[in-house]
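Okay, so here's the structure we're looking at.
Chain identifiers are assigned alphabetically (A, B, ...) following the order of the sequence lines, protein sequences preceding nucleic acid strands; residue numbering begins at 1 within each chain.
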Amino acid sequence: MNKYRSHNCNELRKKDVGSKVFLSGWINKKRDHGNLLFIDLRDNYGITQCIIDKENSNFSDLEKIQLETVIKIDGKVVNRSKETINKEIDTGEIEVVIETFKTLGTCNELPMPVFSDQEYSEEIRLRYRFLDLRRKKIHENIILRSKVISFIRNEMNKLGFLEFQTPILTSSSPEGARDFLVPSRLNPGKFYALPQAPQQFKQLIMVSGFDKYFQIAPCFRDEDARADRSPGEFYQLDLEMSFVEQDDVFNVVELLLTNTFKKFSNKKLIFSKFPKIPYKEALEKYGTDKPDLRNPLIINDITEIFERKDVSFEIFKRLVKSGSKVRCIVTKDTKDKPRSFFDNIDKWAKEQGASGLAYFTIEKDKDILAKGPIGKFFSTESLEEIMKKTKAQVGDSIFLACNKKTELERITSIARDKIAKDLKLVDENTFAFCWIVDYPMFEKDEQSKKIKFSHNPFSMPQGDKGKINFEKPLEILAYQYDIVCNGIELSSGAIRNHIPELMYKLFSIAGYDKKQVNEKFSGMINALSYGAPPHGGIAPGIDRIVMLLANEKNIREVTMFPMNQNAQDLMMNAPSEINESQLKELNLSLKIKK
RNA sequence: GGGGGUGUAGCUCAGUUGGUUAGAGCGAUCGCCUGUCACGCGAUAGGUCGAGGGUUCGAGUCCCUUCACUCCCGCCA
């Protein structure tokens with residue numbers, strides 16, 4: 001028998017009353033009545049109330065002991081009287097009368113209490129992460145993460161995918177995020193890079209004939225953090241399939257995510273089949289390629305209205321003449337909202353760097369008319385045209401913004417979120433997945449005015465090879481897709497370009513000649529020349545999936561040992577300085593800017 | 001690289017218009033208490049008010065600089 005415990009702290013029940021047991025765990029809480037002491041003993045599984053009184057010679061020692069000390073207690077399970085049953089805990093019908101105890105791990109005065117619902121600064125939480133992780137909420141989040149990963153792994157196996165590991169030390173890639181670099185001792189002056197994703201490897205696995213691959217893959221990108229983005233490292237469910245089209249990938253991912261979200265959350269999935277929204281349409285209707293479809297509001301373009309003679313809103317008319325667009329958001333039945341509702345949104349928009357959000361409400365007297373600060377600028381006919389275009393009805397309000405396309409998309413997108421929040425239109429108890437499809441292959445870099453890959457250079461362009469119009473590269477679409485849930489981008493993927501000739505052509509448009517492609521992507525391009533299957537895949541972010549399932553807004557709440565915003569691990573003291581001999585061995589010397 | 005927020009006891013926070021000795025809860029220490037489950041009661045200790053400079057008779061409070069944490073923009077194929 002194990003010498004530390006006969007049961008864990010969530011095991012004892014009424015049926016155990018009378019038996020002698022020994023438990024080990026942390027002292028979660030003490031309640032000291034002077035001659036009677038209650039100790040809540042906690043482990044990973046739960047809490048058991050233990051009790052001792054002054055008749056016992058161990059009483060005074062236990063009375064003095066610090067919270068979070070690890071102890072082993074020997075005792076007897078007894079019934080609790082009816083009034084003292086605690087329904088909050090699974091073991092609440094019984095308690096253990098302590099006979100003897102032993103300290104297994106002492107505890108200093110705590111820098112942060114474990115038993116408390118208080119919120120602590122992240123600095124202290126990360127510095128003492130081992131204490132933080134004992135706390136209920138995050139402890140459960142991390143357990144959830146483990147269960148989700150193991151469920152996904154099991155599902156992928158059932159679907160016939162093989163799990164492989166790919167190298168962590170690999171080569172630096174020219175496109176994409178900044179690499180983390182590792183100096184090579186055996187190859188002076190040369191560096192490995194940590195993989196930003198196993199992109200090239202998973203394609204090579206397909207070329208190697210393994211058909212279906214997956215991996216819970218660590219990815220390393222040296223970019224700045226956000227609430228939903230860890231600095232340094234994160235995990236993807238990386239997967240790739242041979243002989244597939246876009247829909248084959250969609251079917252696998254929809255099945256997997258549906259099963260996962262149904263199993264680990266009580267929230268409802270709004271769509272059983274995830275809607276597919278072309279990239280261009282997403283930008284028009286939602287102002288972003290990661291729309292929150294729980295939000296029913298839709299953006300409409302009504303630029304044409306401002307070319308009419310019977311509309312006299314001169315500010316917008318002038319902007320439209322110089323190339324700006326007008327887009328609007330209709331809110332249903334808001335004619336009775338107080339003036340402050342509209343003005344708050346206008347004020348908010350100004351704080352977001354917009355020139356504000358104009359608005360009016362559609363009402364009907366004898367004719368249709370617009371009420372509100374700018375209502376008088378619109379004729380009845382123009383209003384009827386707006387109602388036709390936007391499906392607005394009498395009693396609805398219309399918020400308008402006018403700007404150049406990109407800025408207009410930005411402001412209408414966040415306005416859509418803001419207005420829906422103010423009107424409480426978003427059902428927090430749902431998940432709304434969607435696919436964003438038909439991404440453009442190329443885009444124009446606003447600074448350099450050069451054509452560049454808009455996403456992944458290895459994506460397959462749409463259309464038959466012979467029919468693609470390479471003269472108009474910005475119009476070429478790719479079999480490139482994103483999956484979005486509740487406005488959070490979970491991942492992107494693509495059907496890959498497995499035809500070297502076509503790949504050289506596309507790279508030439510982005511300004512790489514054949515020689516450069518051969519040099520930079522030698523592993524890939526070489527492999528594709530020796531019989532590559534058509535293939536494609538995707539890589540959903542594990543951390544973000546768990547974040548959604550755990551109902552957390554910050555990725556560090558589902559990450560066991562995250563780094564802070566400055567990419568430092570406060571507990572382990574990483575990154576840290578290294579000594580001179582290590583540098584010498586690596587043929588490195590430091591020049592630090594002051 | 002840029003913008004916003006925060007920084008007061010070990011932890012979480014309050015601190016009025018610039019005004020006498022900077023407070024509370026939790027935690028710690030000591031004492032009382034035999035049915036609590038956020039136990040209760042009493043006492044004690046604990047402060048570079050993030051740091052530096054300035055204005056002022058007087059600064060936790062106003063100004064400047066700076067540091068740390070955090071949120072956002074840039075960045076993240």
Side-chain angles (χ1 to χ4, degrees), chain A residues 28-42 47-56 59 63-64 66-68 78 80-89 91-92 95 97 107-128 131-132 173-179 196-197 199-200 219-232 234 351-353 410 414 439-443 445-447 452-459 478 480 482 489 492-494 506-507 510 520-521 539 541 553-554 556 563-566 568 570:
Chain A
N28 192 57
K29 189 70 187 162
K30 285 191 303 185
R31 287 173 297 280
D32 187 354
H33 290 232
N35 293 313
L36 179 71
L37 172 67
F38 295 97
I39 289 179
D40 289 339
L41 199 66
R42 183 196 73 238
I47 286 178
T48 302
Q49 175 166 282
C50 305
I51 185 167
I52 188 168
D53 69 19
K54 68 169 179 202
E55 303 303 317
N56 190 304
F59 181 80
E63 219 182 2
K64 284 194 201 97
Q66 275 271 2
L67 294 184
E68 293 305 311
V78 300
R80 291 208 207 181
S81 68
K82 244 185 200 152
E83 317 82 69
T84 60
I85 286 174
N86 183 354
K87 285 178 184 150
E88 302 292 311
I89 55 175
T91 60
E95 60 195 4
V97 177
C107 181
N108 295 335
E109 187 177 341
L110 293 165
M112 54 173 278
V114 171
F115 175 74
S116 168
D117 290 329
Q118 274 178 13
E119 304 250 359
Y120 307 122
S121 74
E122 288 220 74
E123 192 173 1
I124 197 119
R125 291 181 59 193
L126 294 184
R127 194 177 297 279
Y128 298 97
L131 290 180
D132 191 36
S173 61
E175 297 252 334
R178 288 186 197 92
D179 284 317
Q196 294 178 22
Q199 180 63 36
Q200 294 194 53
C219 303
F220 306 90
R221 295 178 192 173
D222 188 2
E223 296 294 349
D224 289 354
R226 288 286 182 279
D228 63 352
R229 202 165 85 205
S230 292
F234 61 98
E351 284 164 10
Q352 302 304 311
R410 186 187 74 85
I414 56 176
Y439 275 84
M441 191 81 214
F442 298 103
E443 65 188 16
D445 189 295
E446 287 305 323
Q447 282 166 7
K452 61 171 194 179
F453 288 108
S454 68
H455 271 71
N456 187 328
F458 302 123
S459 298
Q480 163 88 43
D482 272 17
E489 183 193 320
S492 26
L506 294 171
F507 267 100
K520 288 180 169 165
F521 304 100
K553 292 213 158 43
N554 191 306
R556 293 183 294 278
M563 298 199 283
N564 70 7
Q565 197 170 45
N566 292 322
Q568 298 159 339
L570 298 175

* Please state the C1' separation for the pair rG46(B) and rG35(B) - nearest whole angstrom. => 33 Å
* **CZ-CG distance between Arg556(A) and Asn564(A), expressed to the nearest 0.5 angstrom** => 8.0 Å
* Asked: Hey, does the side chain of Ser454(A) reach the backbone of Glu443(A) with a donor-acceptor pair shorter than 3.5 angstrom?
  -> no
* Asked: Would you say rA68(B) has OP1 or OP2 under 4.0 Å from some side-chain N or O of Asn566(A)?
  -> no
* Asked: What is the distance from CE of Met112(A) to P of rA9(B), rounded to the nearest Å?
  -> 17 Å
* Structure fact -> Among the nucleotides rG1(B), rC33(B), rG35(B), whichever has the atom closest to the side chain of Asp224(A) is rG1(B)
* Using the P atom as the reference point in each nucleotide, state the distance between rG5(B) and rU20(B) in Å, no decimals. => 28 Å
* Structure fact -> Walking RNA chain B from its 5' end, the first of Phe458(A) and Ala227(A) to be reached, judged by nearest nucleotide, is Ala227(A)
* Answer with base, sugar-phosphate or nothing: what part of the nucleic acid does Arg556(A) contact at a heavy-atom distance below 4.0 Å? => sugar-phosphate
* Any N or O donor-acceptor pair linking the side chain of Glu123(A) to the base of rU70(B) at under 3.5 Å? -> no
* Find the distance between CG (Asn108(A)) and CD (Glu68(A)) and round it off to the nearest 0.5 Å. => 12.5 Å
* Asked: Could a donor-acceptor pair under 3.5 angstrom be found where the side chain of Arg80(A) meets the base of rC37(B)?
  -> yes
* Side-chain N or O of Arg226(A) closer than 4.0 Å to phosphate OP1/OP2 of rC73(B) -> yes
* For the residue pair Phe507(A) and Phe453(A), categorise the inter-ring angle as parallel (less than 30°), tilted (30 to 60°) or perpendicular (more than 60°). => perpendicular
* Asked: Side-chain contact, heavy-atom cut-off 4.5 Å: Leu570(A) with Gln568(A)?
  -> yes
* Please work out if Ser459(A) contacts a base, only the sugar-phosphate, or nothing of the nucleic acid, heavy-atom cut-off 4.0 Å. => nothing
* Structure fact -> Of the candidates rU36(B), rC11(B), rC75(B), the side chain of Gln49(A) sits closest to rU36(B)
* With both distances under 3.5 Å as the test, what is the Watson-Crick or G-U wobble partner of rA68(B)? -> rU6(B)
* Asked: With rounding to whole Å, what would you report as the distance between rC63(B) and rU44(B) at their C1' atoms?
  -> 40 Å
* Asked: Looking only at atom C1', what distance separates rG27(B) and rU66(B), rounded to whole Å?
  -> 33 Å
* Asked: For the pair made of CG in Leu36(A) and P in rC32(B), what is the distance, rounded to whole Å?
  -> 16 Å
* To do: May I ask you to say what Glu122(A) touches in the nucleic acid, namely base, sugar-phosphate or nothing, with a heavy-atom cut-off under 4.0 Å?
  => sugar-phosphate
* To do: Indicate, with a heavy-atom threshold strictly under 4.0 Å, whether Phe38(A) touches base, sugar-phosphate, or nothing.
  => base
* Within a strict 4.5 Å, meaning less than it, do heavy atoms of the Tyr128(A) and Ile124(A) side chains meet? -> yes
* Structure fact -> Between NZ of Lys54(A) and C1' of rG35(B) the distance, given in whole Å, is 15 Å
* Structure fact -> Arg125(A) CZ to rU12(B) P, in whole Å, measures 11 Å
* What nucleic acid atoms does Ile51(A) come within less than 4.0 Å of, heavy atoms only: base, sugar-phosphate, or nothing? -> base
* Separation of rC33(B) C1' from Asp53(A) CG (nearest whole Å) -> 14 Å
* Arg178(A) CZ to rG74(B) P, straight-line distance once rounded to whole Å -> 14 Å
* **rC41(B) to rC33(B) separation - C1' atoms, rounded to the nearest Å** => 8 Å
* What nucleic acid atoms does Asp117(A) come within less than 4.0 Å of, heavy atoms only: base, sugar-phosphate, or nothing? -> nothing
* To do: Would you indicate what Pro111(A) reaches in the nucleic acid, counting non-hydrogen atoms under 4.0 angstrom: base, sugar-phosphate, or nothing?
  => sugar-phosphate
* Which part of the nucleic acid does Asn554(A) contact within heavy-atom distance under 4.0 Å: base, sugar-phosphate only, or nothing? -> sugar-phosphate
* To do: Give one of base, sugar-phosphate or nothing for Asp222(A), where a contact means two heavy atoms less than 4.0 Å apart.
  => nothing
* **Below 4.0 Å: OP1/OP2 of rC26(B) and any side-chain N or O of Gln118(A)** => no
* To do: Using a heavy-atom cut-off of under 4.0 Å over every strand shown, decide if Ser121(A) touches base, sugar-phosphate, or nothing.
  => sugar-phosphate
* Counting only side-chain N and O atoms of Arg229(A), is one of them less than 4.0 Å from OP1 or OP2 of rG74(B)? -> no
* Atom P, compared across rG60(B) and rG54(B): separation rounded to whole Å -> 15 Å
* Drop me the distance from Ile39(A)'s CD1 to Ile47(A)'s CD1, to the nearest 0.5 angstrom. => 13.0 Å
* Asked: Do Asp40(A) and Arg31(A) pass the salt bridge (charged side-chain N to carboxylate O under 4.0 Å, His left out) test, and can you show the C-alpha distance, the side-chain angles, and the key distance before you say yes or no?
  -> CA-CA 9 Å; Asp40(A) 289 339; Arg31(A) 287 173 297 280; 3.0 Å; yes
* Asked: Taking the side chain of Thr84(A) as heavy atoms from C-beta outward, which of rG27(B), rU70(B), rG35(B) is closest to it?
  -> rG35(B)
* Separation of atom CD1 in Ile414(A) from atom P in rC71(B), rounded to whole Å -> 18 Å
* **Contact nearer the 5' end of RNA chain B, comparing Lys452(A) with Tyr120(A)** => Tyr120(A)
* Asked: Touch check for Gln196(A), heavy atoms < 4.0 angstrom, all strands: base, sugar-phosphate only, or nothing?
  -> nothing
* Asked: Using atom P of each nucleotide, how far apart are rU61(B) and rU55(B) to the nearest Å?
  -> 15 Å
* Which parts of nucleotides 39-47 of chain B does protein reach within less than 4.0 Å, heavy atoms only, written one letter per nucleotide 5' to 3' as B for base, S for sugar-phosphate only and - for none? -> B--------
* To do: Not counting sequence neighbours, which residues clear side chain to side chain donor-acceptor pair (under 3.5 Å) with Gln200(A)? List them please.
  => none
* Asked: Taking side chain as C-beta onward, heavy atoms only, is Gln49(A) less than 4.5 Å from Asn86(A)?
  -> no
* rG23(B) pairs with, by Watson-Crick or G-U criteria that keep both distances under 3.5 Å -> rC13(B)
* Identify, with sequence neighbours excluded, every residue that meets side chain to side chain donor-acceptor pair (under 3.5 Å) alongside Glu123(A). => none
* Structure fact -> Using Watson-Crick geometry (N1-N3 plus N6-O4 or O6-N4) or G-U wobble (N1-O2, O6-N3), each under 3.5 Å, rC37(B) is paired with none
* Asked: Say you pick atom P in rG58(B) and the same atom in rG19(B); how far apart are they, in whole Å?
  -> 14 Å
* Asked: Hey, does the side chain of Gln568(A) come within less than 4.0 Å of rC69(B)'s phosphate (OP1/OP2), counting only N and O?
  -> yes
* d(CG, Asn564(A); P, rC67(B)) in whole Å -> 16 Å
